[in-house]
Amino acid sequence: WFVALRDPALRGLFAKRLSERELAILDRAIPETGVLSGNMVVFPDRTVPLSSLTRKEWVLKPPAGSSAQGIFIGHYTNRGRWDQVCSEADSSGALLQRYFMPKERVTVLGPDGEPTEGDYHMKYGAFLYGGTVAGCEVMARPQPLVHGARDTYFSTCTW
């Protein structure tokens, strides 16, 4: 979906269900994403050699998975390991997504249930029902892999 939302050939289909304002929000919120194909990365608007991308600016995500399993963050590894993982046979078809490291200052519940402020890596997600946004999830974690692990703060809202 991250790739498809920016694909010019598919953009018209999304525009039939979403307003320009909603599309603009998605464009700002979803990092640039391409598909790894051998030693090339195929983006919706261009194809570039993997070697032309700055490793520290990208995350490799397996083509199928969940709970952050198989995600490889270029910022947290050396060039040799990055090249090794990207060249493995099962990496073909993986997503390369631009990595943003900033944290946000948020209020979470501390160990005793008291509100406390901290700087956390954040992940936001939307729930769609019948083509309409029906709710969202917000996750905060001290580590850069934000998913439903034991030390992740999680909340949902619906409307």
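- Note that the CD atom of Q97 and the CH2 atom of W58 stand 8.5 Å from one another [nearest 0.5 Å].
- Counting only distance, with no hydrogens or angles, the side chain of S87 and the backbone of Q84 share a donor-acceptor pair below 3.5 Å.
- Shown here for Y120 and A140, the closest heavy-atom pair between the two residues is CB-CB, 3.8 Å.
- The closest side-chain heavy-atom distance from I71 to P62 is below 4.5 Å.
- Of the candidates L60, V42, V35, L96 forms a side chain to side chain contact (heavy atoms under 4.5 Å, CB included) with just one, namely L60.
- Interatomic distance, OG1 of T54 versus OH of Y99, reported as 15.0 Å (0.5 Å rounding).
- More than 12 heavy atoms of other residues, nucleotides or ligands lie within 6.0 Å of CD in E117, so this atom counts as buried by the packing criterion.
- With rounding to the nearest 0.5 angstrom, the OG1 atom of T107 is 8.5 Å from the CZ atom of R105.
- A distance of 11.0 Å separates CG in D83 from CG in N39, rounded to the nearest 0.5 Å.
- Annotation for K103 and H121: closest pair CE-NE2, 3.1 Å, computed over non-hydrogen atoms.
- Shown here is R98, whose CZ atom has more than 12 heavy atoms of other residues, nucleotides or ligands within 6.0 Å.
- The aromatic rings of W82 and F72 lie parallel to each other, their planes meeting at an angle below 30°, with 60° marking the opposite boundary.
- Side chain of S37 to main chain of M40: no donor-acceptor pair is present (N/O by atom type, distance under 3.5 Å, no hydrogens or angles).
- One hydrophobic cluster, built from ILVMFWY side chains closer than 4.5 Å, cannot hold both L18 and I25; they sit in different ones.
- Closest approach of C86 to L50, counting heavy atoms only: CB-CD2, 3.5 Å.
- Smallest separation of non-hydrogen atoms from V138 and M122: CG1-CE, 3.6 Å.
- For D112 (side chain) and E114 (main-chain N/O), no donor-acceptor pair under 3.5 Å exists by modelled atom type.
- Taking the side chain as every heavy atom from C-beta outward, V59 and K61 approach each other to under 4.5 Å.
- Between atom CZ of residue R55 and atom CD1 of residue I73 there is a gap of 12.5 Å, rounded to the nearest 0.5 Å.
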